[in-house]
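Working notes, structure below.
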Amino acid sequence: MDKQWEADVAYDGHSKTDAVASHGADVFGQEENHQIKYKTLSWQLVAVLMIAEIVSNGMLSLPSSLAVVGIVPGLILIVFLGIFATYTAWLLVQFKLRHPEVHSMGDAGLILFGPFGREILAGGTVIFAIFATGGQLLAGQIALAGLSDNKLCLMLYTGIFAIPTLICSFPRTLDNLGWISIPSVLSIMIAGIVGMVGAGIHPVPDRQINIAAPTDFYSAFISITNPVFAYAGHFMFFIMVSEMKRPQDAMKAAYTLQIFATTFYAVFAAVVYIYIGNGVASPAFSSLDPKWMKAAYGIALPNFLIAGSLYAHTASKLFFVRIFRNSRHLHSHTLAGWGTWIVLVVIMNGAAFVLAVGVPIFNYLIGIAASLFAAWFTYGIAGAFWLHDEYHDRGGARAWARKPVQTALTALTFLSGLFICVAGTYVSIKAIVGAYQSGAVGAPFLC
């Protein structure tokens with residue numbers, strides 16, 4: 001396959017001297033004599049990082065989705081999307097193993113669509129990572145406000161939470177973030193269990209539970225986007241796999257993530273919805289008895305913090321590797337290297353903070369960003385990866401014809417990403433319009 005690639009390296013209009021190295025060249029190269037070593041992650045630690053990043057505040061919106069569509073359709077959707085995300089994770093890992101030079105979605109975009117594709121997918125990764133960081137800051141704000149009975153300005157809560165998030169973003173390698181992600185995973189798991197126990201001990205009397213609920217497209221799709229985006233973490237997979245000792249073990253980490261996430265999501269959503277009913281809030285912890293709400297939010301805080309740090313780290317790492325790829329600053333303790341890294345981390349965290357507290361419709365903009373980018377990164381673009389490699393490396397359209405089932409699945413995967421992107425953007429924009437019309441949008445930098 002490498003010889004085939006060498007012959008066809010210019011098929012999309014770029015040469016081996018572009019930002020992405022030739023087919024088969026590892027991102028970080030040989031690291032034995034380097035001061036900073038990136039390829040140190042075991043698959044177990046990658047699984048921890050994946051869970052810490054994905055299983056977070058998005059989980060807390062799932063019970064409210066069941067309230068809109070009903071418990072049976074909602075649970076079927078959560079499980080189906082978990083299986084679907086496992087399949088797209090496999091497609092992403094296969095693409096990464098066939099293209100070791102790929103470090104981010106931007107590098108993958110260069111292979112698929114040339115320089116324009118690199119800028120679009122890299123830009124989408126950074127934008128979504130910054131918005132996701134902001135979303136975690138808002139989750140921290142809600143948690144701190146609940147713990148203190150809203151005694152301070154909301155913007156101050158966000159600022160308090162932003163400081164440790166910034167500090168935890170500074171490690172240059174994911175290995176250092178991996179170890180502090182272990183308590184992050186434990187915190188969201190225990191917080192979810194505490195939330196379920198709290199809902200069971202203090203259920204809502206006369207609650208209403210729907211097996212299946214009729215609803216309009218707008219309301220249904222708004223609720224469907226919650227489980228769709230609860231799995232939205234695939235945009236970080238290339239960066240994580242690039243720092244593995246054995247990238248060949250990446251699917252072990254992905255299987256661990258998806259089994260845990262799908263099971264935990266389904267159980268948490270069902271239990272909380274059964275005991276709280278159709279009035280369940282989003283985030284779900286806010287529907288609990290005050291003491292249990294504080295306990296759940298307090299335990300979940302480390303997870304919100306580390307997830308935000310991972311997102312900011314990802315946005316910073318994409319720029320950093322692109323700037324210093326194949327230079328000594330990538331692997332050495334140089335002033336230029338550390339200075340650039342610190343500036344990037346501060347910019348990414350600062351941008352997330354300003355958006356979170358300064359844009360009144362930020363929650364809605366997260367929905368738009370997720371629709372425009374996460375829909376592709378988690379679902380749609382994975383289909384394009386397989387179709388591209390089969391076409392270019394294995395004989396053109398005839399390669400597709402030889403595998404009709406896989407070709408159909410990947411084509412449907414691509415189309416599903418397109419549908420989620422268009423429909424999700426539509427309902428998010430409609431929600432913004434409705435919020436303005438109802439007067440629900442406040443002023444920027446408001447306490």
Side-chain angles (χ1 to χ4, degrees), residues 47 50-51 53-94 192 209-235 237 251 253-274 280 282 284 367 370-371 373-386 405-427:
M50 289 178 173
I51 293 171
E53 170 234 343
I54 291 177
V55 183
S56 189
N57 64 338
M59 176 187 81
L60 304 182
S61 65
L62 297 179
S64 65
S65 293
L66 270 57
V68 175
V69 300
I71 188 169
V72 172
L75 288 177
I76 290 173
L77 184 65
I78 289 171
V79 174
F80 169 75
L81 289 172
I83 295 171
F84 190 17
T86 306
Y87 172 64
T88 57
W90 178 79
L91 293 174
L92 288 172
V93 169
Q94 294 305 307
I209 300 170
N210 294 325
I211 300 300
T215 185
D216 59 273
F217 173 80
Y218 169 73
S219 300
F221 202 83
I222 280 284
S223 68
I224 288 171
T225 57
N226 291 331
V228 166
F229 301 135
Y231 291 105
H234 288 39
F235 74 105
F237 280 14
M251 275 313 298
Y255 286 137
T256 303
L257 159 70
Q258 294 302 148
I259 291 170
F260 176 82
T262 305
T263 304
F264 198 55
Y265 284 172
V267 172
F268 177 80
V271 171
V272 173
Y273 175 63
I274 287 170
V280 64
S282 178
S371 299
F373 303 117
W376 288 110
F377 295 154
T378 306
Y379 299 106
I381 199 70
F385 291 153
W386 186 88
V405 175
Q406 180 72 343
T407 300
L409 283 174
T410 50
L412 288 173
T413 297
F414 185 84
L415 291 175
S416 71
L418 177 62
F419 172 73
I420 295 170
C421 173
V422 174
T425 303
Y426 163 74
V427 298

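The structure presented is a predicted model; accordingly, all values stated were derived computationally and were not measured. Sequence positions, counted from 1, serve as the residue numbers for this chain.
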Approximate separation, where rounding is to 0.5 Å, of [X] [atom1] and [Y] [atom2]:
X	Y	atom1	atom2	answer
Asn210	Ile71	CG	CD1	10.0 Å
Asn57	Ser282	CG	OG	9.0 Å
Leu91	Leu409	CG	CG	9.0 Å
Ile54	Ile51	CD1	CD1	9.0 Å
Tyr255	Met50	OH	CE	12.0 Å
Phe373	Cys421	CZ	SG	8.5 Å

* Step-by-step side-chain contact (heavy atoms from CB on, under 4.5 Å) determination, Phe237 to Leu257 -> CA-CA 12 Å; Phe237 280 14; Leu257 159 70; 3.8 Å; yes
Taking all non-hydrogen atoms of both residues, which atom of [X] and which atom of [Y] are closest, and how far apart?
X	Y	result
Thr410	Thr407	OG1-O, 3.0 Å
Ala220	Thr215	CB-CG2, 3.5 Å
Ala269	Pro63	CA-CG, 3.9 Å
Thr378	Gly233	OG1-N, 3.9 Å
Ala89	Ala254	CB-CB, 4.1 Å
Thr262	Ile78	CG2-O, 4.2 Å

* Please confirm whether the backbone N or O of Asp216 pairs with a side-chain atom of Ser219, one donor and one acceptor, at under 3.5 Å? =>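 No, because the side chain of Ser219 does not come within donor-acceptor range (under 3.5 Å) of the backbone of Asp216.
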* Just by modelled atom types, is the Phe260 backbone N or O under 3.5 Å from a matching donor or acceptor in the Thr263 side chain? ->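 Here the side-chain-to-backbone pair does not exist.
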Kindly write out the residues that satisfy ring-ring contact (aromatic ring centres under 6.0 Å, His included) with [X], not counting sequence neighbours, or none if the list is empty.
X	value
Tyr379	Phe84
Tyr265	Tyr231
Phe217	Phe221

* Asked: Does the gap between the ring centers of Trp376 and Phe414 come in under 6.0 Å?
  ->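 Ring centroids of Trp376 and Phe414 are less than 6.0 Å from each other.
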Are the side chains of [X] and [Y] in touch, meaning some heavy atoms are under 4.5 Å apart?
X	Y	answer
Trp90	Gln258	no
Leu92	Phe377	no
Ile83	Tyr87	no
Met59	Phe264	yes
Leu77	Val69	no

Applying side-chain hydrogen bond (donor to acceptor under 3.5 Å, both in side chains) as the test, list every pair that has at least one member in [range]; sequence neighbours left out.
range	result
residues 70-83	none
residues 59-86	Ser65-Asn226
residues 416-426	none

* To do: Apply the test side-chain contact (heavy atoms from CB on, under 4.5 Å) to residues Val272 and Val280: give CA-CA distance (whole Å), side-chain angles for both, the deciding distance (0.1 Å), then the verdict.
  => CA-CA 8 Å; Val272 173; Val280 64; 4.1 Å; yes
